[in-house]
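We count ligands from 1, going down the list as the structure has it; atoms in each ligand are counted the same way. Atom set for the values below is all heavy atoms of this structure, side chains included, hydrogens, waters and symmetry mates excluded. From a predicted model like this one, the values you see are computed outputs, not experimental measurements.
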Amino acid sequence: MTSRLAALRARIGGYAFGGDYNPEQWDRPVWDEDVRLMREAGVNLVTLGVFAWASLEPEPDKFTFGWLDEVMDLLHANGIAVDLATPTAAPPAWLAREHPETLPVAEDGHVFGFGNRLQFDPTSAVYRDRAARITRALAERYSGHPALAMWHISNEYGPVAYTPSSAAAFRAWLQRKYGDLDTLNDAWYTRFWSQRYSAWDQVCPPEMPRSWSNPARRLDFTRFTSDALLECYTAERDIVRGYRDDIPVVTNYMRFYQRADYWRWAREQDAVALDIYPDPGQEDSRVAASLNFDLMRSLRGEPWLLMEQAASAVSQWRVNHPKRPGRMRLGSYQAIAHGADSVLFFQWRASRGGHERFHSAMLPHSGTAARTWNEVAELGRELPRIAASAGSRSRAQIALYFDWDAWWGLAESHGLPRNDFDYPALVTEHYRPLLLAQHAVDMVGAESDLSRYRLVVIPNAYLVGDQFTRALDEFVTGGGTVVCSFFSGVVDENNQVRQPAYPGAFRELIGAYIDEYWPGRADEEFAVRFADGTACTADWWQESIHPETAQVTARFTSGDLAGRPAVLANKRGAGRVVYVGTRLDRPGLARTLLGAAAGAGVSPVVAGAPEFVEAARRSTDSVEYLFLLNHSGIEAATVPVAPGGTDLITGSQVTGPVTLAPLAVAVLAYRK
Ligand code: GLA
């Protein structure tokens with residue numbers, strides 16, 4: 001069966017291009033100009049109704065669909081497909097007024113009032129009932145509409161609530177997980193600080209504690225919250241699917257979003273969709289953007305949707321810089337290079353009022369005279385040239401571990417040797433040298449199949465489950481290479497120290513034990529020397545390592561642990577494990593990771609390109625597409641590539657190395 005995403009692609013005929021369209025913010029005559037300009041810019045898909053609950057149901061059960069009928073018809077008449085949203089991310093004022101119990105309550109008991117958005121308790125029965133009613137009404141009315149191409153459920157799921165309803169749902173979740181209280185008491189190690197429970201009704205969400213609360217309880221509440229939000233999604237998904245089964249149902253994810261375990265969520269969706277807003281004020285934000293794109297592609301192992309990006313400035317940072325000319329185009333191709341099948345924006349027309357009135361738009365306040373408009377319209381007209389590459393896939397030989405349980409373990413665990421771990425930042429540091437050396441990288445989670453990779457990189461996985469520990473060991477004994485960084489494999493799924501320590505899960509894997517963690521003092525740097533004489537520095541973290549089967553490949557040459565191991569290499573079965581017991585500086589970590597990649601026989605996508613060139617491949621059964629992106633705003637770059645391809649944007653033949661002007665992009669197609 002063709003996937004629902006493939007059906008959307010076939011309908012669109014290539015890459016989806018468009019964005020959030022909020023006609024309820026504008027008077028009727030504006031809509032005609034909207035669709036005229038959408039056509040001019042090559043828009044083929046818009047997301048409609050995301051925040052339109054109050055316009056669709058101004059009073060309980062009184063629906064006003066007339067305006068939406070008209071917009072749907074108008075878009076259809078102009079050949080623009082609709083990604084229709086359920087408006088449940090922004091409940092109307094009447095719900096907050098009549099049912100204040102639907103409002104979320106923070107950890108400290110503070111109630112979030114009406115006037116922003118996402119002001120709902122995901123466990124509230126009343127909220128879920130009202131969300132189901134508006135969803136059903138929309139599905140009933142529009143499922144058969146010819147403009148409808150996709151359902152967009154709610155928006156950026158995120159609220160957490162410490163309410164009586166949340167407590168009841170948390171208890172039910174725990175009962176399903178543990179069965180009885182003794183098992184829960186063991187899992188939460190409640191023998192510490194007299195925290196033992198003797199009846200289920202004593203168990204609550206971890207409200208604001210006097211000082212520090214139980215780390216296993218916090219971890220479970222975090223897992224529960226992700227599941228409770230996912231239930232809101234699946235409830236609405238099932239309603240719309242009941243009316244029509246052949247179009248994709250999605251919701252939009254956020255960059256490095258801690259509250260939802262997207263590995264679990266992705267299984268419930270027809271496609272992964274991402275909203276991303278790299279800060280144009282920070283040149284380096286392109287590294288984390290590519291990582292997030294690779295994560296999105298890896299979650300389902302297939303193309304994904306870039307659901308929202310900014311045409312230029314956002315309105316969420318302290319200072320909101322515009323994207324310099326050419327950067328929006330480059331960022332769009334960057335997403336495509338990493339597997340996106342769409343370029344969609346928030347939003348079509350810049351709002352006149354409201355919090356996001358200065359957030360850029362495809363059509364800015366100054367209209368078609370604006371630079372942004374021209375860049376958007378040019379991109380919209382250009383994308384059809386690479387339409388054939390939509391739907392193509394990629395496959396890397398390097399896997400980078402990114403796991404929500406590992407993240408939550410660090411983030412929900414006060415009382416660690418240091419309590420300022422920034423998991424996404426640490427993962428990004430491991431990704432950076434691979435990206436800058438033009439390596440292709442997939443992300444993997446605890447349940448991913450590792451057998452297709454040559455190198456698996458495990459950055460700071462403090463918490464690991466038994467299943468992953470076994471899978472990793474099988475991968476290594478079977479001939480794989482692993483690079484594992486400090487403070488990994490330390491605790492089990494219940495946030496309890498694995499014994500014998502440390503690292504209880506990985507002691508045989510790394511071929512050493514650690515008797516003490518030794519965080520660095522502020523501003524302290526340690527000199528590190530590799531066996532071949534190369535030197536680098538490290539900071540932030542050290543470990544007192546005792547090799548068992550491993551060889552020492554680098555030692556500290558200064559500081560408290562001078563002379564002691566910093567980096568190890570261990571042979572295990574047919575494979576090899578490199579263990580990095582400190583935070584190496586960027587050259588030190590790059591050398592370690594690139595050395596491991598070369599040792600594992602992994603070649604980069606292109607060789608001999610400067611670091612500011614990004615390279616990625618996508619392919620179909622018959623064609624391979626090579627994407628080359630020059631991120632430098634000032635330097636041109638010449639990239640050695642094989643002759644014989646076609647540059648899809650210019651139409652020219654590739655006869656030798658390709659030269660990319662500053663910020664230029666090339667999409668080269670090679671017949672297989
Ligand atoms: C998010 C939301 C949008 C909008 C944009 C821009 O991604 O989904 O509604 O708020 O951010 O800030």
Side-chain angles (χ1 to χ4, degrees), residues 16 18-26 45-56 82-92 112 115-120 122 150-159 229 232-233 236 250-260 262 265 269 271-282 285 288-289 292-293 295-296 304-323 327-328 331-332 335 340 342-365 372 376:
D20 279 41
Y21 179 37
N22 298 304
E24 70 277 16
Q25 294 181 18
W26 300 95
L45 182 75
V46 295
T47 302
L48 205 54
V50 177
F51 300 112
W53 197 340
S55 315
L56 292 168
V82 172
D83 167 30
L84 187 58
T86 63
T88 50
F112 292 110
N116 177 236
R117 58 177 168 180
L118 293 170
Q119 73 286 357
F120 64 86
M150 176 157 66
W151 282 108
H152 184 294
I153 302 297
S154 197
N155 196 65
E156 298 191 338
Y157 275 105
L229 290 166
C232 291
Y233 167 79
E236 293 185 28
V250 305
T251 188
N252 43 350
Y253 296 172
M254 290 165 273
R255 164 192 183 274
F256 287 143
Y257 190 64
Q258 191 179 324
R259 214 163 269 167
Y262 288 151
W265 281 58
Q269 296 194 233
V272 164
L274 176 72
D275 301 346
I276 193 150
Y277 295 95
D279 183 356
Q282 295 190 9
S285 59
N292 276 273
F293 298 156
L295 177 60
M296 294 302 123
W304 53 279
L305 299 169
L306 176 62
M307 186 55 87
E308 291 181 22
Q309 67 165 346
S312 184
V314 296
S315 55
Q316 56 187 261
W317 310 109
R318 199 169 65 83
V319 179
N320 294 295
H321 299 282
K323 289 185 179 170
R327 290 274 176 194
M328 180 279 293
S332 305
S342 64
V343 174
L344 303 168
F345 296 80
F346 179 86
Q347 59 180 332
W348 162 251
R349 182 186 279 273
S351 300
R352 209 168 45 208
H355 172 70
E356 295 188 323
R357 63 204 176 288
F358 287 107
H359 184 100
S360 61
M362 299 170 81
L363 184 60
H365 290 138
T372 311
V376 165

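Shown here are the side chain to side chain donor-acceptor pair (under 3.5 Å) partners of Gln347, two or more places apart in sequence or in another chain: Asn22, Ser351. Applying the ring pair (Phe, Tyr, Trp, His ring centres under 6.0 Å) test to Phe112 and every residue at least two apart in sequence or in another chain returns His110. Ser360 pairs by the side chain to side chain donor-acceptor pair (under 3.5 Å) definition with nothing, not counting sequence neighbours.
Ser342 contributes no side-chain N or O that, together with a main-chain N or O of Leu305, makes up a donor-acceptor pair within less than 3.5 Å.
For ligand 1, the protein residues placed under 4.0 Å by at least one non-hydrogen atom are Phe51, Arg117, Asn155, Glu156, Asp275, Tyr277, Glu308, Gln316, Phe346, Glu356, His359.
Close placement of the Trp265 and Tyr157 rings is indicated, their centers lying within 6.0 Å of each other.
Between the side chains of Gln269 and Tyr253, at least one donor-acceptor pair of N or O atoms lies under 3.5 Å.
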